[in-house]
A.B. asks: 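First the structure, which I've put down as structure tokens, then a few questions once you've had a look.
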Amino acid sequence: MNEKPVVLVTRKLPIAVEKKLAEHFETILNPDDRLYSTDEILQMAENADAILPCHTEKFSAQTIALLPSRIKAIANFSVGVDHVDLEAAKLRQIIVTNTPDVLSDATAEIAMLLILGAARRASEGDRLVRSQQWKDWSPAFMVGKQITGKRLGILGMGRVGQVVARRARGFDMTIHYHNRKPLDSMRIKDAEYHATVDELLSNIDVLSIHCPASDETRGLLSSDRIALLHSNAIVVNTSRGGVIDDDALIDALKSGGIAAAGLDVYNGEPDAIHPGYRQLENVFLLPHIGSATEETRDAMGFRAIDNLTAIFNGDEPGDRVA
Ligand code: 8YV
């Protein structure tokens, strides 16, 4: 690299990441971590050669068409890339990368937290203690579902799904999964593959969703499919809200169609999620914190920098998605 390329960073990144980025690139940073509008991003992009965004910035086909011609890359600080129209980027020959692998452990931790929190009524218990409503104890008090030895269904056996399977084995859970293709038995031992989503749902106690959001997976967990789960079932989601039909899930949670749910991601997040979730005791809700650990956020940033460095050195970036 001769002159340092300019990278527009849309959100505040960890200190170590911004420091390393500045060693290799000129940077346009967002020290106040303000959520920029699309117009602001387009305006700032006039002075940049690449953009390093988060999933909070949307790059629709229309936005990508308006990007200045000097933009060579969108190097995401995320594994999910549903916020970027990949076909539109390809048309403009803008390289798009993501940050896989480095957030699998952190996200799997949150999946396990959701499973346990939903099964053992964690937020209900927390509310009870905080509000000074906890007045008594009895054998019938706050009885939840035990997950030890239960059947875990993993929808989307990618990197995160595979870590969740390993962690769940620590609770003696048996692993069932659906994926576009069955995995090599070297990569996933002792897991039962189900060729269809419906077959998976009919054979499990806990469902953990790990498939990416796409036209194919939008609303995948519909009312018909939820009806295949038994009434003690627990549903957790750490991938994207779009995979779930919220009305259907809320109906099942209200009517006893399933026992509980744990959610970290939502349609309309952060401030326009389905209001029905807020009314329910049997949902454990977190604010999209799957990758929110210091180690992981640093690693995501370094991975995005590696991708940018390769691109501006004329090499193929490791994590190219378009
Ligand atoms: C982060 C995520 O919030 O990487 C993803 O796809 O959903 C989350 O872990 C996101 O990466 C921030 O852009």
Side-chain angles (χ1 to χ4, degrees), residues 110-128 138-157 161 164-165 167-178 191-211 217-267 273-286:
I110 291 294
M112 293 309 299
L113 176 61
L114 291 177
I115 292 172
L116 292 165
R120 302 303 299 272
R121 305 169 61 175
S123 45
E124 202 182 334
D126 180 84
R127 276 193 295 275
L128 208 63
S138 88
F141 174 64
M142 288 280 309
V143 174
K145 306 283 175 215
Q146 188 153 315
I147 64 149
T148 302
K150 297 286 165 64
R151 299 166 301 170
L152 173 64
I154 297 184
L155 183 54
M157 191 55 109
V164 172
R167 303 294 176 261
R169 286 204 174 96
F171 286 91
D172 296 334
M173 298 185 89
T174 56
I175 310 302
H176 296 247
Y177 72 103
H178 170 73
E192 189 169 332
Y193 176 69
H194 296 275
T196 64
V197 177
D198 291 10
E199 189 187 298
L200 176 75
L201 298 180
S202 311
N203 284 286
I204 56 173
D205 304 299
V206 177
L207 173 69
S208 192
I209 300 175
H210 298 287
C211 52
T217 60
R218 188 157 303 115
L220 190 80
L221 199 66
S222 60
S223 56
D224 286 352
R225 290 216 167 96
I226 292 172
L228 298 171
L229 291 163
H230 70 69
S231 57
N232 282 328
I234 291 166
V235 170
V236 308
N237 188 10
T238 49
S239 74
R240 285 292 183 267
V243 181
I244 289 180
D245 174 337
D246 290 325
D247 285 324
L249 184 64
I250 288 165
D251 278 354
L253 287 162
K254 272 188 186 160
S255 66
I258 64 168
L263 305 174
D264 185 48
V265 288
Y266 308 82
N267 287 299
I273 71 168
H274 195 303
Y277 288 125
R278 298 199 182 96
Q279 319 296 324
L280 292 171
E281 285 288 15
N282 53 346
V283 287
F284 182 59
L285 305 174
L286 293 176

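Along the sequence shown, residues are numbered consecutively beginning with 1.
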A.B. asks: Restricting to non-hydrogen atoms, name the atom on His194 and the atom on Glu192 that form the minimum distance, rounded to 0.1 Å.
C.D. replies: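 Smallest heavy-atom distance, with atoms named: CD2-O, 3.5 Å.
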A.B. asks: Return yes when atom CZ of Arg120 has more than 12 non-hydrogen atoms of other residues, nucleotides or ligands closer than 6.0 Å, and no otherwise.
C.D. replies: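 Not buried by this count: 12 neighbours or fewer within 6.0 Å.
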A.B. asks: Applying side chain to side chain contact (heavy atoms under 4.5 Å, CB included) between Leu201 and each of Ile226, Leu221, Val235, report the one that passes.
C.D. replies: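 For Leu201, the side chain to side chain contact (heavy atoms under 4.5 Å, CB included) test succeeds with only one of Ile226, Leu221, Val235, which is Leu221.
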A.B. asks: Side chains of Phe171 and Ile115: does their closest heavy-atom pair fall under 4.5 Å?
C.D. replies: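 Not in contact.
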A.B. asks: Within the side chain of Asp205, is there an N or O that forms a donor-acceptor pair under 3.5 Å with the backbone of Arg151?
C.D. replies: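 At least one qualifying donor-acceptor pair exists.
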A.B. asks: For the residue pair Ile258 and Leu253, establish whether any side-chain heavy-atom pair is separated by less than 4.5 Å.
C.D. replies: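 Yes; the side chains approach each other to less than 4.5 Å.
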A.B. asks: In Å, rounded to the nearest 0.5 Å, how long is the span from CZ of Arg167 to CG of Leu152?
C.D. replies: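 The CG atom of Leu152 is 13.0 Å from CZ of Arg167, to the nearest 0.5 Å.
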A.B. asks: Give the minimum heavy-atom separation between Leu285 and Tyr277, together with the two atoms involved.
C.D. replies: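 Residues Leu285 and Tyr277, closest heavy atoms: CD1-O, 3.9 Å.
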A.B. asks: When the ring planes of His178 and Tyr193 are compared, do they come out parallel, tilted or perpendicular, using 30° and 60° as the limits?
C.D. replies: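 Geometry flag for Tyr193 against His178: parallel rings.
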A.B. asks: Enter the distance from Ile244:CD1 to Ser239:OG here, rounded to the nearest 0.5 Å.
C.D. replies: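 Between Ile244 CD1 and Ser239 OG, I get 7.5 Å after rounding to 0.5 Å.
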A.B. asks: Roughly how far, to the nearest 0.5 Å, is CD1 of Ile147 from CG of Asp172?
C.D. replies: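 Asp172 CG to Ile147 CD1: 10.0 Å, rounded to 0.5 Å.
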A.B. asks: State, to 0.1 Å, how close Phe284 and Ala118 come at their nearest heavy-atom pair, and which atoms those are.
C.D. replies: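 So the two residues come closest at CB-N, 3.9 Å.
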A.B. asks: I'd like to know if the side chain of Thr238 reaches the main chain of Asp264, judged simply by a donor and an acceptor atom lying under 3.5 Å from each other, with no hydrogens or angles considered.
C.D. replies: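 Judged by distance alone, no pair lies under 3.5 Å.
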A.B. asks: So how far is it from His176 NE2 to Ile204 CD1, rounded to the nearest 0.5 Å?
C.D. replies: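 With rounding to 0.5 Å, NE2 (His176) is 8.5 Å from CD1 (Ile204).
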A.B. asks: Quickly, which of Leu263, Val265, Asn237, Thr217 forms a side chain to side chain contact (heavy atoms under 4.5 Å, CB included) with Ile209? Name it, please.
C.D. replies: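 Exactly one candidate clears the test, Asn237.
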A.B. asks: Test side chain to side chain contact (heavy atoms under 4.5 Å, CB included) on Asp246 and Ile273 and set out the steps.
C.D. replies: CA-CA 9 Å; Asp246 290 325; Ile273 71 168; over 6 Å; no
A.B. asks: Once you round to the nearest 0.5 Å, how far does CZ of Arg240 lie from CZ of Arg218?
C.D. replies: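 One finds 12.0 Å between CZ of Arg240 and CZ of Arg218.
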A.B. asks: List the atom of Asn267, the atom of Gly242, and the distance in Å for their closest heavy-atom pair.
C.D. replies: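 That closest heavy-atom pairing would be OD1-CA, 3.2 Å.
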A.B. asks: Taking Arg225 for the side chain and Leu220 for the main chain, is one N or O donor matched with an acceptor at less than 3.5 Å?
C.D. replies: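 Side chain of Arg225 to backbone of Leu220: a pair is present.
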A.B. asks: Less than 4.5 Å apart, side chain to side chain, heavy atoms only: is that true for Lys150 and Ile234?
C.D. replies: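 Contact flag for Lys150/Ile234 side chains = no.
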A.B. asks: Of all heavy-atom pairs between Ala111 and Val164, which one has the smallest distance, and what is that distance?
C.D. replies: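 That closest heavy-atom pairing would be CB-CG2, 3.8 Å.
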A.B. asks: Asp245 side chain to Gly219 main-chain N or O, any donor-acceptor pair under 3.5 Å?
C.D. replies: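 No, Asp245 side chain to Gly219 backbone: no donor-acceptor pair under 3.5 Å.
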A.B. asks: Measuring from atom CD of Gln279 to atom NZ of Lys254, what distance do you get when rounded to the nearest 0.5 angstrom?
C.D. replies: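 Rounded to the nearest 0.5 Å, the CD-NZ separation comes out at 7.5 Å.
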A.B. asks: Please find the pair of heavy atoms, one from Thr196 and one from Glu199, that lie closest to each other, and give the distance.
C.D. replies: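 Reported closest heavy-atom pair: OG1-N, 3.0 Å.
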A.B. asks: Quick one: does any side-chain atom of Asp247 pair with a main-chain N or O of Ile250 as donor and acceptor, under 3.5 Å?
C.D. replies: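 Side chain of Asp247 to backbone of Ile250: no pair is present.
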